[in-house]
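Taking it in order: structure first as structure tokens, then the write-up.
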Amino acid sequence: MHRYRTHNCAELRKTNVGEEARLSGWVHRVRDHGGIIFVDLRDSHGITQVVVHPEREFHGGIEHWRVESVLCFTGMVVARSPETVNPRLATGEIELDAREMELLNDCQVLPFSVAQDDDCDENLRLRYRFLDLRREGLHQRILLRSRVIRSIRRILGDDLGFTEFQTPILTNSSPEGARDFLVPSRLHPGKFYALPQAPQLFKQLLMISGFDRYFQIAPCFRDEDARADRSPGEFYQVDLEMAYATQEDVFAVVEQLFSRLFPEFTDKAVSPAPFRRIPYREAMLKYGTDKPDLRIPIEIQDVSDLFGDSDFNAFRQVVRGGGVVRAIPVRGIADRPRSFFDQLIEFTRERGGKGLAYLLWSEGGVKSPIAKFFSQETLEELRRRSDLGAGDAMFFVADQENRAARLAGEVRHHLGDLLGMRDGDRFEFCWIVDYPLFELNEETGKIDFSHNPFSLPQGGMEALTELNPLEVLGWQYDLVCNGVEFSSGAIRNHRPDIMLKAFAIAGYGEAVVEEKFGGLLRAFRFGAPPHGGIAPGLERIVMLLAGCRNIREVTAFPLNQNAQDLLLGAPSQVEERQLRELRLKLVPPGKRTGG
RNA sequence: GGGGGCGUAGCUCAAUUUGGUUAGAGCGCCGGCCUGUCACGCCGGAGGUUGCGGGUUCGAGUCCCGUCGCUCCCGCCA
């Protein structure tokens, strides 16, 4: 018989009755009746009830049947009588009649309950992460994450012809993007490595190196402040890149990946491939964001043309001042109480809006404090454009275009929450395409890259030389699901001449580009193939599948919000000797100089 | 760096609105009883500088100021 176990704690069934078995696991719960004692023994797989009869010599042998102690029981598998079967347990038709017991390890009094997976302070959970990870919820989410990764490797690697690579962890600081984590070099005092924010340049170099399809479950490091859905420090991307690929080729691969991946882990409906393609400008107009939640059946409209000459001063002034009026039509809410609408107005004001006007249609006509300022023709045209009828409503946001779009989008998502449209059992994917390559920096008035400086402009060199830079679109795209940005990607700019031209428009001279991206430019000059890719966030995928909102709930050992490891104590001070080797000197706190 | 919310027993929370007796409950812990439970049950017990410091008051868990911590958001995240 095996030293520790013949079966795991989820394995024994009625067919095993009469067999001798040995089980090891944690004490999940104990029901001590004075005479007979029931021990729920748990391992990663499940729970089996062990019965200890009073005549066993170990019955009083351990002082405490302390939960989370590690025990090994040997005994006979016996059938439970019909009235004592536990239908909530996979092993509930049997129990182990313990003949021998061995205490494999004791357990101190717990800081929080393992058996009862209820709320407690997150930093306490992080300090005792090994206990937290034993709890049902987190334990299952970490197992889910593992199964998702295995499935991604199978789909991309085995079925779609991708090759998995590793790329360096010690690499170069990137001139753009987030703050880098720096690693001092001992051999080159005063110089630093940086941890990669993403393997972007390496995956492009692999394409130029003649590999066809790259993927990696890639660690990414960014020294930015935390959010609920954003880990401080490190996270993982499903990073992929394809040679000789058009945007549609990338879409086809990603659509296959998600169309196969999601149904493996959820019964919820997944929007069928091909996913909807929504141009950036259309997304900003209809949904007021470039990460729309398409479960909400509300489409924003521009109605500025109706108000240039209207009697409604507030709207007329905005339109004549170059602003816009956006309408948000919502069906079936005209009978909501006044407080519903007041609350929405307050919501808009909190987010910087001047207000939120609305019209309510009823059998008798239009009800609204502002209806008297609208002509009958205008009211009818508004109704007609959104095909509204009795019981329907329309909200209005009037402001400068960017702000109006954003506010309307936030109101749309908020309505989605209020009206229960967002918890439907489905995943709605879409692509946002046709991002502008450049944008105007409102502070400096200069032209900046809007997304990624390495994206290929649509129309190539001709577009860069002929068009107003702000009109140039990039082969850039985002994958969005249920209002969550899953991923950004692009067809890369593989031509050094086009790359230099694009950088020139953004105000970078050739010498600067050579200095900052010399390695990549050198590679481009030796026959770089056209290529492109994308990098969906692994944790976001698992979060959506697990139905949780916090990235730390799908990460085994996350840093806390202050970027500390409370279990092992990182970051920590290091020996003076280590600093000397690196030729580093600490500036005492409060005496920061320079700047 | 900025804003909102929260800090009461080992854990989750009540008492704070309107300052007023000895700060309570559930779980956990300790002791006792209990032979069919599965969130076992029953009896008893221990456990508190109400985050910390100061102030107002006859009196502060409660009000005020400061500070520290946690949390969510903004900035930031090509």
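Below, chains carry the letters A, B, ... as their sequence lines are ordered, and counting in each starts from 1. Side chains are part of it too, since the values below use all heavy atoms of this structure and drop only hydrogens, waters and symmetry mates.
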Sugar-phosphate, base or nothing in reach of [X], heavy atoms under 4.0 Å:
| X | value |
| --- | --- |
| A:Pro111 | sugar-phosphate |
| A:Phe112 | nothing |
| A:Asp121 | sugar-phosphate |
| A:Leu124 | sugar-phosphate |
| A:Glu95 | base |
| A:Asn452 | sugar-phosphate |
| A:Asp117 | nothing |
| A:Ser113 | nothing |
| A:Arg127 | nothing |
| A:Glu122 | sugar-phosphate |
| A:Asp119 | sugar-phosphate |

Send over the distance from [X] [atom1] to [N] [atom2], rounded to a whole Å.
| X | N | atom1 | atom2 | value |
| --- | --- | --- | --- | --- |
| A:His28 | B:rA39 | NE2 | P | 10 Å |
| A:Phe347 | B:rC73 | CZ | C1' | 13 Å |
| A:Ile551 | B:rU71 | CD1 | P | 15 Å |
| A:Arg66 | B:rG31 | CZ | C1' | 14 Å |
| A:Gln200 | B:rC77 | CD | P | 16 Å |
| A:Asp225 | B:rC77 | CG | C1' | 9 Å |
| A:Arg42 | B:rC38 | CZ | C1' | 15 Å |
| A:Gln108 | B:rC11 | CD | P | 15 Å |

### Check: A:Gln116 side chain, B:rG26 base, donor-acceptor under 3.5 Å
no
### Under 3.5 Å donor-acceptor pair, A:Arg222 side-chain atoms to B:rC76 base atoms
no
Selected nucleotide, minimal atom distance to [X] side chain, candidates [options]:
| X | options | value |
| --- | --- | --- |
| A:Arg80 | B:rC70, B:rC38, B:rU12 | B:rC38 |
| A:His33 | B:rA39, B:rC73, B:rU37 | B:rU37 |
| A:Arg29 | B:rG75, B:rC40, B:rU37 | B:rC40 |
| A:Arg230 | B:rC29, B:rC77, B:rG1 | B:rC77 |
| A:Gln564 | B:rU71, B:rU37, B:rC70 | B:rC70 |

### Query
Considering heavy-atom distances to RNA chain B, does A:Val109 or A:Gly35 have its closest nucleotide positioned more toward the 5' end?
A:Val109
#### Entry: Earlier contact from the 5' end, RNA chain B, for A:Ile36 and A:Asp229
A:Ile36
Please check the phosphate of [N] (OP1 and OP2 only) for any side-chain N or O of [X] closer than 4.0 Å.
| X | N | value |
| --- | --- | --- |
| A:Asn562 | B:rC70 | yes |
| A:Asn123 | B:rU71 | yes |
| A:Arg549 | B:rU71 | no |
| A:Arg227 | B:rC74 | yes |
| A:Arg31 | B:rC40 | yes |

Charged N to carboxylate O under 4.0 angstrom, [X] versus [Y]?
| X | Y | answer |
| --- | --- | --- |
| A:Glu122 | A:Arg552 | yes |
| A:Asp229 | A:Arg549 | no |
| A:Glu553 | A:Arg125 | yes |
| A:Asp180 | A:Arg222 | no |

Interatomic distance at [atom1], [N] relative to [M], whole Å:
| N | M | atom1 | value |
| --- | --- | --- | --- |
| B:rU18 | B:rC11 | P | 31 Å |
| B:rU56 | B:rG19 | C1' | 11 Å |
| B:rG75 | B:rG3 | C1' | 11 Å |
| B:rC13 | B:rG59 | P | 33 Å |
| B:rC76 | B:rG2 | C1' | 12 Å |
| B:rG4 | B:rU8 | C1' | 22 Å |
| B:rG48 | B:rU22 | C1' | 13 Å |
| B:rG66 | B:rG24 | C1' | 31 Å |

### Task
Name all residues meeting the side-chain contact (heavy atoms from CB on, under 4.5 Å) criterion together with A:Ala98; count only those two or more places apart in sequence or in a different chain, and write none if there are none.
A:Val50, A:Val52, A:Phe58, A:Phe73
### Task
Give the intermediate values and the outcome of side-chain contact (heavy atoms from CB on, under 4.5 Å) for residues A:Ile551 and A:Met543.
CA-CA 7 Å; A:Ile551 190 170; A:Met543 282 163 69; 4.0 Å; yes
### Message
Could you check whether A:Phe251 and A:Tyr477 have their ring centres less than 6.0 Å apart?
### Response
yes
### B:rU35 base stacked by A:His53 (centroids within less than 5.5 Å, tilt under 30°)
no
### Message
Quick one about A:His531 and A:Gln204 (side-chain donor to acceptor, distance below 3.5 Å, no hydrogens or angles considered), yes or no?
### Response
yes
#### Entry: Pairing stems for RNA chain B [at least three consecutive pairs; Watson-Crick or G-U; under 3.5 angstrom]
B:1-7 with B:68-74, B:10-13 with B:24-27, B:29-33 with B:41-45, B:51-55 with B:63-67
### Query
Under 3.5 Å, side chain of A:Asn562 to main-chain N/O of A:Gln564, donor-acceptor pair present?
no
#### Entry: Partner of A:Trp431 under side-chain contact (heavy atoms from CB on, under 4.5 Å), chosen from A:Asp478, A:Val480, A:Val254, A:Ile278
A:Val254
### For A:Arg141 against A:Val542, the heavy-atom pair lying closest together
O-CG1, 4.3 Å
